[in-house]
**Q** 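So that we are looking at the same thing, I have put the structure below in C-alpha cells.
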Amino acid sequence: MALASNPKALRFIAPKPPGRNSSMNISVSCLPHSKSNLREYEKREKEASLPVEVKLSSPRKDIDFSDPNWKAKFQDDWDKRFRLPHITDILDIKPKPSPFSLKKSRTVPEDLNGDALDTWNGYVNNDDRALLKVIKYASPTSAGAEAECFGPDCSWIEQWVHRAGPRKEIYYEPKEVKAAIVTCGGLCPGLNDVIRQIVFTLDIYGVKNIVGIRFGYRGFFEKGLDEVPLSRKVVENINLAGGSFLGVSRGGGNISEIVDSIQARRIDMLFILGGNGTHAGAQAVHEECRRRKLKVSIIGVPKTIDNDILLMDRTFGFDTAVEEALRAINSAYIEARSAYHGIGLVKLMGRSSGFIAMHASLSSGQIDVCLIPEVPFKVDGPNGLLEHLERLIQDKGFAMICIAEGAGQELLQKSNATDASGNPVLSDSGVFIQQKIKRHFKEIGVPADLKYIDPTYMVRACRANASDAILCTVLGQNAVHGAFAGFSGITSGVCNTHYVYLPIPEVISAPRTVDPNSRMWHRTLTSTGQPDFI
Ligand SMILES: Nc1ncnc2c1ncn2[C@@H]1O[C@H](COP(=O)(O)OP(=O)(O)OP(=O)(O)O)[C@@H](O)[C@H]1O
Ligand SMILES: O=P(O)(O)OC[C@H]1O[C@](O)(CO)[C@@H](O)[C@@H]1O
Ligand SMILES: [Mg+2]
C-alpha cells in the first residue's frame, strides 16, 4: 500500500510548537488581501492575539515524583529507550576483528595486544557514553529550565547516550558487503560531503560494492532509475558543488516494496540521508527488515536545513544556510538603509521551526524584528508589528524584518494542501507581511519603500561551508562505523559537541522547535529590541 494513501502508515505529525496557545489555531479560510477578507483577517487576528499562557510547571507529567525510586526508574527507562538496536537482537552472528585502524599503513608491533591494541587502532568502547544534558538548573523558573529539569525540586538526572565511532569488532565481512546510499526530502548543503565520506570510509574498511540509489526512496521502485556505482574516484570532487549527486525527492514509497527492493538488490548496509520524514521511513524500513529477519543495517544521517531534529546540537547544512541567509539580509539592509523610509523584509525557510530566521537575525545584528512560527504576534493595533514599524521609521528612518516561512500562519489562509510527502503547504508569510506593510503605510499617508527578498532556494542550493563540511565528514564516517558495528535503526548526530548514535524513534518523536523561553530566543529579543507584539 502506498504511504500517501495509507492512513495507518506511520506519519510524522508536527505537534503544536511550545509556547503557542491552543486558541491560536483558527481555521477560517479567507484571503487577507481583499477588503472583506481584510475584515475577516482582522477578526481572526484579534482572536489570535490572546495573551500567551506562561507555564512554569514541570513538563514531566509521566513521572511519579512521590516514588522515592523515581530517579532510578527514570534512568532505567532511559537506558532502555536509548539502547541501540543491533542485528544480533534477531540473528545469531559472531563478530570478527575490525580491519579499520588509525595506523593502517604501519605494522602492529608484536607486543601490542588488549587495551594497548585498541588505543593503537583508535577504537571507541561499546560502553562509552556522552552526557546529553549538562546544565543543572537551580529553579524551574530559571530561563530554559522548564523543558529541561525534573520535578518540583528541578532535579538534574544523568542522561547518557552512546558514543559514536569505530568498534574493535565488526559484524560484516567487508569484501562481501553491498552498501547503498540514498538522499531524501529537500536539498541541504552538505549532502555530497556526507555521500563522499561514506564512500571513503567504506573503502577504508575494504568495501568494493557501493551504490547510490537515485532520487530518494523513489529510486527503489521507479523503473528506469538504475543504481549509480560509487567509488572513491567517482565521489572525489562531488563536495565542490551543492545539491545531491544522487538526486532527491519527496513522497511516494511503500515500505514493503522498498524492503523487497533492498532484498532483491542484496543490500547489506543502507545509509539514508534525510529529515524527520525520511527517518520515519528509515525506521519503518528497519522494522520491516527485522520482521523479515534480514541481516541489513539501516543507518540514518540527519539532514535538515531547518535544524528541526530533536536532541542534536545542530544538523548539517544549517550553519551554511544561516551564512547564506546573511547575504540576503545584508542586501535588504543596504536597500533599506539607502532608501527614504526603507523597510527591508527577508523571508527564510522554516516550516515549523524558526532556527534559520533566529540565527540569521542574531548573526546579522541588523534585524529589528524577527518573526518565527513558535512565537505568535499581532500585526495591527496597539503593540502590533505595524505600530512598531512606524516607530522605527520615525526614530531611525528605516527598519529590517526577518520572517520565517511558518511564522504567523494562524493569521493566514489555510489551504489544507500537502506536498507529496504529506507536509502541509503553507501560505506565504513573506508576501502577506509585505502586503500588510505596504497597505498600512499607504493608509496612514507615510511614505515607505519596502524591498522584499526571498532567498529560499539560493540558501538551500549552495555547497557546505567549512564548519558544515567538518560535521558532514564526521557524521558520514560514523554512519559507516555504526553499520559495521552491527547497529541498525540508528542515526548519527552531535550532542553537546560529542558525536553519538541515537535510536531513530527518539529523534523524530516531534520536530525540534525554538523554545520561546530559551536563552537563545531571549538573546535574539535583546539583539533586535523588538517588543512582544501581543
Ligand atoms: N511517516 C513516514 N513513513 C515513511 N516514510 C515517510 C514518512 N514521512 C515521510 N516519508 C518519506 O520520506 C521521504 C522524505 O520525507 P519529507 O519530504 O518529509 O522530507 P524530510 O525527510 O522530512 O526532509 P526535509 O527536511 O527536507 O523536509 C519521502 O519520500 C516520504 O515519502
Ligand atoms: O520546496 P520544497 O522542496 O518542498 O522545500 C521547502 C521545505 O523545505 C524545508 O526547508 C525543510 O523541510 C521546509 O522548511 C520548507 O517548507
Ligand atoms: Mg520534513
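Hydrogens, waters and symmetry mates play no part in the numbers below; they use all other heavy atoms, side chains included. Here the structure is a predicted model, which means the values were calculated and not measured. Sequence positions, counted from 1, serve as the residue numbers for this chain. All ligand and atom numbering here is 1-based and tracks the order in the structure.
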**Q** Relative to the heavy atoms of Tyr457, which atoms of ligand 2 are at a distance of less than 4.0 Å?
**A**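 Matching atoms, with element in brackets: 1 (O), 2 (P).
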**Q** Answer yes if the ring centres of Phe487 and His162 are under 6.0 angstrom apart, and no otherwise.
**A** no
**Q** Is a donor on one side and an acceptor on the other found under 3.5 Å between the side chain of Ser488 and the backbone of Ile298?
**A** yes
**Q** With a cutoff of 4.0 Å, is Asn276 in contact with ligand 1, counting heavy atoms of the residue only?
**A**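 Yes, Asn276 has heavy atoms under 4.0 Å from ligand 1.
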**Q** So if I count the atoms of ligand 2 from 1 in the order they appear, which ones are less than 4.0 Å from some heavy atom of Gly350?
**A**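 Answer, ordered by atom number: 14 (O).
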**Q** Would you say the side chains of Thr456 and Asp454 form a donor-acceptor pair under 3.5 Å?
**A**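 Checked: Thr456/Asp454 side chains pair up, N/O donor to acceptor below 3.5 Å.
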**Q** Can you list the ligand 2 atoms lying under 4.0 Å from a non-hydrogen atom of Ile305?
**A** 10 (O)
**Q** Flag the pair Glu288 and Arg292 as a salt bridge only when some basic side-chain nitrogen lies within less than 4.0 angstrom of an acidic carboxylate oxygen.
**A** yes
**Q** With atoms numbered from 1 as shown, which atoms in ligand 1 lie under 4.0 angstrom from a non-hydrogen atom of Asn423?
**A**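 Heavy-atom distances to Asn423 below 4.0 Å select 16 (P), 17 (O), 18 (O).
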**Q** Between the candidates Gly277, Gly216, Ala420, which shows the shortest non-hydrogen contact distance to atom 7 (C) of ligand 1?
**A** Gly277
**Q** Regarding Asp468 and Arg314, does a basic nitrogen lie under 4.0 Å from an acidic carboxylate oxygen?
**A** yes
**Q** What's the shortest distance from atom 12 (O) of ligand 2 to any protein heavy atom, and which residue and atom give it?
**A**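 For this ligand atom, the closest protein heavy atom is Arg351 NH1, 3.5 Å.
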**Q** Return the orientation label for the Trp78 and Phe82 ring planes: parallel under 30°, perpendicular over 60°, tilted otherwise.
**A** parallel
**Q** Around atom 3 (O) of ligand 2, find the nearest protein heavy atom and jot down its residue, atom name and distance.
**A** Arg460 NH2, 3.1 Å
**Q** Could you check atom 16 (O) of ligand 2 against the protein and tell me its nearest heavy-atom contact, residue, atom and distance included?
**A** Glu405 OE2, 2.5 Å
**Q** Of all the non-hydrogen atoms in the protein, which one sits nearest to atom 10 (O) of ligand 2, and at what distance?
**A**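 Checking every protein heavy atom, the shortest distance to atom 10 (O) of ligand 2 gives Met349 SD, 2.9 Å.
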**Q** Is Tyr217 close to ligand 1, meaning an N/O of one under 3.5 Å from an N/O of the other?
**A** no
**Q** Would you indicate whether the side-chain heavy atoms of Val514 and Thr524 approach each other to under 4.5 Å?
**A**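 They are not in contact (no side-chain heavy atoms under 4.5 Å apart), so the answer is no.
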**Q** Check ligand 1 against Arg250 and write out every atom of the ligand that is under 4.0 Å from a heavy-atom position of the residue.
**A**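 Listed by number with element: 16 (P), 17 (O), 19 (O), 24 (P), 26 (O), 27 (O), 29 (O).
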**Q** Touching ligand 1 at all, Gln283? Heavy atoms, strictly under 4.0 Å?
**A**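 So Gln283 does not count as touching ligand 1.
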**Q** Backbone or side chain, does any N or O of Ser249 fall under 3.5 Å from an N or O of ligand 1?
**A**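 There is no such contact.
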**Q** Do the charged groups of Arg290 and Glu287 touch, with an N to O distance under 4.0 Å?
**A**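 No, no charged N to carboxylate O under 4.0 Å.
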**Q** Starting from atom 4 (O) of ligand 2, find the nearest protein heavy-atom neighbour and note its residue, name and distance.
**A**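 It is Arg250 NE, 3.2 Å.
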**Q** What do we get for Ile305 next to ligand 1 when only non-hydrogen atoms under 4.0 Å count, side chain, backbone, both or neither?
**A**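 None of Ile305 does.
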**Q** Relative to Tyr172, does Lys295 satisfy both conditions: NZ or CZ under 6.0 angstrom from the six-membered ring centre, and within 45 degrees of the ring's axis?
**A**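 Yes, a cation-pi geometry holds between Lys295 and Tyr172.
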**Q** Tell me whether Gly275 has any N or O atom under 3.5 angstrom from an N or O of ligand 1.
**A**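 Such a contact does occur with ligand 1.
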**Q** Ignoring hydrogens, what is the shortest heavy-atom contact between Lys347 and Pro455? Give both atom names and the distance.
**A** O-CD, 3.0 Å
**Q** Minimum heavy-atom separation for Leu348 and Ala357, please, with both atom names.
**A**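 Shortest heavy-atom contact: CD1-CA, 4.0 Å.
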**Q** For Gly186, take its heavy atoms, then give the atoms of ligand 1 lying under 4.0 Å from any of them.
**A** 26 (O)
**Q** What residue among Ile262, Asp260, Val285, Leu225 forms side-chain contact (heavy atoms from CB on, under 4.5 Å) with Phe220?
**A**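 So, applying the side-chain contact (heavy atoms from CB on, under 4.5 Å) to Phe220 and each of Ile262, Asp260, Val285, Leu225, only Ile262 qualifies.
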**Q** So which of Pro302, Ser421, Ala280, Gly300 gets nearest to atom 30 (C) of ligand 1, if we judge by its closest heavy atom?
**A**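 Going through Pro302, Ser421, Ala280, Gly300 one by one, Ser421 has the nearest heavy atom to atom 30 (C) of ligand 1.
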**Q** With a cutoff of 4.0 Å, is Gly251 in contact with ligand 1, counting heavy atoms of the residue only?
**A**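 Yes.
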**Q** Are Trp521 and Glu374 packed together at the side-chain level, in the sense that at least one heavy-atom pair is separated by less than 4.5 angstrom?
**A** no
**Q** Considering both backbone and side-chain atoms of His279, is one of its nitrogen or oxygen atoms within less than 3.5 Å of a nitrogen or oxygen in ligand 1?
**A** no
**Q** Got an N/O contact under 3.5 Å between Asp306 and ligand 2?
**A** yes
